[in-house]
Amino acid sequence: MFNFNLSPMVKNLIILNVVVYIGITFFAQDLFGTFALWFFKNPNFKIWQPITHMFMHSFNISHLLGNMIALLFLGPAIERWMGSQRFLFFYLMCGIGAFLTVAVVDFYSFTFNNAYFMATSYRIPSVGASGAVYGIMAAFLWLYPNEKLVLFPIPIPIKVKYLIGFYMIKELLATFGIIASSANVAHLAHIGGAIFGFIMVWYWKRNDMDKYRIN
């Protein structure tokens with residue numbers, strides 16, 4: 001069974017996400033549109049939004065809880081493996097990678113199916129740490145495939161390669177519309193974050209094995 005111990009950068013990221021959620025939800029809802037991420041051709045888009053959107057969540061607290069629980073249980077092992085500073089860079093780049101993945105697809109849709117896009121995605125901003133979290137999930141899957149985790153409320157230890165692998169396959173199928181999903185969930189962003197996370201960890205593990213060892 002995998003041992004969990006909270007690490008400093010994970011703790012700071014969780015605190016920041018919770019503080020932003022409380023601040024926006026209860027004291028400054030009018031700032032939601034300012035820090036959420038809009039399509040880059042939308043007049044509401046601001047240069048800081050690719051960063052700020054990953055520290056914001058929908059007003060439904062389950063969105064925040066889901067991301068923070070995953071960060072809480074998976075993040076410390078990745079931070080210990082690569083170090084706190086590199087983990088912060090990794091976290092941000094996974095979130096930005098999720099944004100870039102969606103931006104490319106959205107731009108294609110905007111260009112070739114303008115009427116549909118203007119009526120849907122153009123009007124909907126994105127928020128959440130899911131892109132960064134899926135990057136952490138991909139890293140965990142690559143580094144610790146045979147470790148066992150327990151998915152609450154099922155009290156049965158499941159190997160990471162099956163548990164996280166299931167989530168990755170589900171997101172991929174939902175992205176292509178093969179399985180049903182909620183219309184307001186950005187599955188493509190999850191896949192984008194996972195891809196960026198996998199590439200970075202694969203590269204660092206391959207080139208920095210003497211410096212960054214798996215504990």
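The first residue of the sequence shown is numbered 1, and numbering continues consecutively from there.
- More than 12 heavy-atom neighbours from other residues, nucleotides or ligands sit within 6.0 angstrom of NZ on K170.
- Criterion: ILVMFWY side-chain heavy atoms under 4.5 Å apart, direct or through other members. Under it, L72 and L143 are part of a common hydrophobic cluster.
- Legend: residues meeting side-chain contact (heavy atoms from CB on, under 4.5 Å) with P8, ordered by chain and number and at least two apart, are E79, S84.
- At least one donor-acceptor pair closer than 3.5 Å links the side chain of H53 to the backbone N or O of P50.
- Residues that satisfy the ring pair (Phe, Tyr, Trp, His ring centres under 6.0 Å) test with Y162, not counting sequence neighbours, are absent from this structure.
- M82 and L6 fall within a single hydrophobic cluster, where Ile, Leu, Val, Met, Phe, Trp and Tyr side chains are chained together by heavy-atom contacts under 4.5 Å.
- Annotation for F59: atom CZ counts as buried by contact number, over 12 foreign heavy atoms lying within 6.0 Å.
- No more than 12 heavy-atom neighbours from other residues, nucleotides or ligands sit within 6.0 angstrom of OH on Y167.
- With contacts defined as side-chain heavy-atom distances shorter than 4.5 Å, the pair W38/I124 does not qualify.
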Inset, instruction - Apply side chain to side chain contact (heavy atoms under 4.5 Å, CB included) to M54 and N17, showing your working. - result: CA-CA 9 Å; M54 70 179 79; N17 276 276; over 6 Å; no
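- The minimum heavy-atom distance linking Q49 with N44 is given by the pair NE2-O, 2.9 Å.
- Note on L141 and I69: same hydrophobic cluster, where clusters join Ile, Leu, Val, Met, Phe, Trp and Tyr whose side-chain heavy atoms are under 4.5 Å apart, directly or indirectly.
- Summarising the geometry of C94 relative to G197, their closest heavy-atom pair is SG-CA, 3.5 Å, with the distance given to 0.1 Å.
- Side-chain contact between F73 and L149: absent, with no pair of heavy atoms (C-beta onward) separated by less than 4.5 Å.
- W48 and V19 end up in different hydrophobic clusters when Ile, Leu, Val, Met, Phe, Trp and Tyr side chains are linked at under 4.5 Å.
- Put simply, the side chain of R80 reaches to within 4.5 Å of the side chain of N5, judged on heavy atoms.
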Inset, instruction - Please lay out, stage by stage, how F39 and F110 fare under the test ring pair (Phe, Tyr, Trp, His ring centres under 6.0 Å). - result: CA-CA 10 Å; F39 178 57; F110 177 80; 5.3 Å; yes
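- Between H57 and V127, the closest heavy-atom pair is C-CG2, 3.8 Å.
- By the 30° and 60° cut-offs, the orientation of the rings of F198 relative to W142 is perpendicular.
- Here the shortest heavy-atom pairing between F140 and A77 reads CE1-CB, 3.8 Å.
- Distance check: I24 CD1 to D30 CG gives 8.0 Å after rounding to the nearest 0.5 Å.
- The line from CE of M68 to NE2 of H63 is 8.5 Å long, rounded to the nearest 0.5 Å.
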Legend entry - Criterion side chain to side chain contact (heavy atoms under 4.5 Å, CB included) on I51 and I96, from CA distance to verdict: CA-CA 7 Å; I51 296 292; I96 292 173; 3.6 Å; yes
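- Scanning both residues, P76 and L71, for their nearest heavy atoms gives CD-O, 3.5 Å.
- With values rounded to the nearest 0.5 angstrom, I78 atom CD1 is found 13.0 Å from R86 atom CZ.
- Formation of a donor-acceptor pair under 3.5 Å by the T175 side chain with backbone atoms of E171 is found in this model.
- Proximity of M200 to M93: side-chain heavy atoms (C-beta onward) are separated by under 4.5 Å at one or more points.
- Between V10 and L74 the shortest side-chain heavy-atom distance does not fall below 4.5 Å.
- Under the 30°/60° scheme for interplanar angles, the aromatic rings of Y91 and F55 are found to be tilted.
- Side-chain contact between V185 and H190 is present, with heavy atoms from C-beta onward closer than 4.5 Å.
- The heavy-atom pair separating T52 from F35 by the smallest distance is OG1-O, 2.8 Å.
- Counting heavy atoms from C-beta outward, T101 and I195 have side chains that stay 4.5 Å or more apart.
- Going from atom CG of L163 over to atom CZ of F166 covers 9.0 Å, rounded to the nearest 0.5 Å.
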Inset, instruction - Apply side chain to side chain contact (heavy atoms under 4.5 Å, CB included) to M168 and M137, showing your working. - result: CA-CA 9 Å; M168 295 297 178; M137 291 171 65; 3.7 Å; yes
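- Other residues, nucleotides and ligands contribute over 12 non-hydrogen atoms within 6.0 Å of the CD1 atom of I178.
- Hydrophobic clustering, with ILVMFWY side chains joined whenever heavy atoms are under 4.5 angstrom apart, keeps F40 apart from F112.
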Legend entry - Evaluation steps, side chain to side chain contact (heavy atoms under 4.5 Å, CB included), between F176 and H187: CA-CA 9 Å; F176 289 100; H187 298 286; over 6 Å; no
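- By the 4.5 Å heavy-atom criterion applied to side chains, S58 and F32 are not counted as neighbours.
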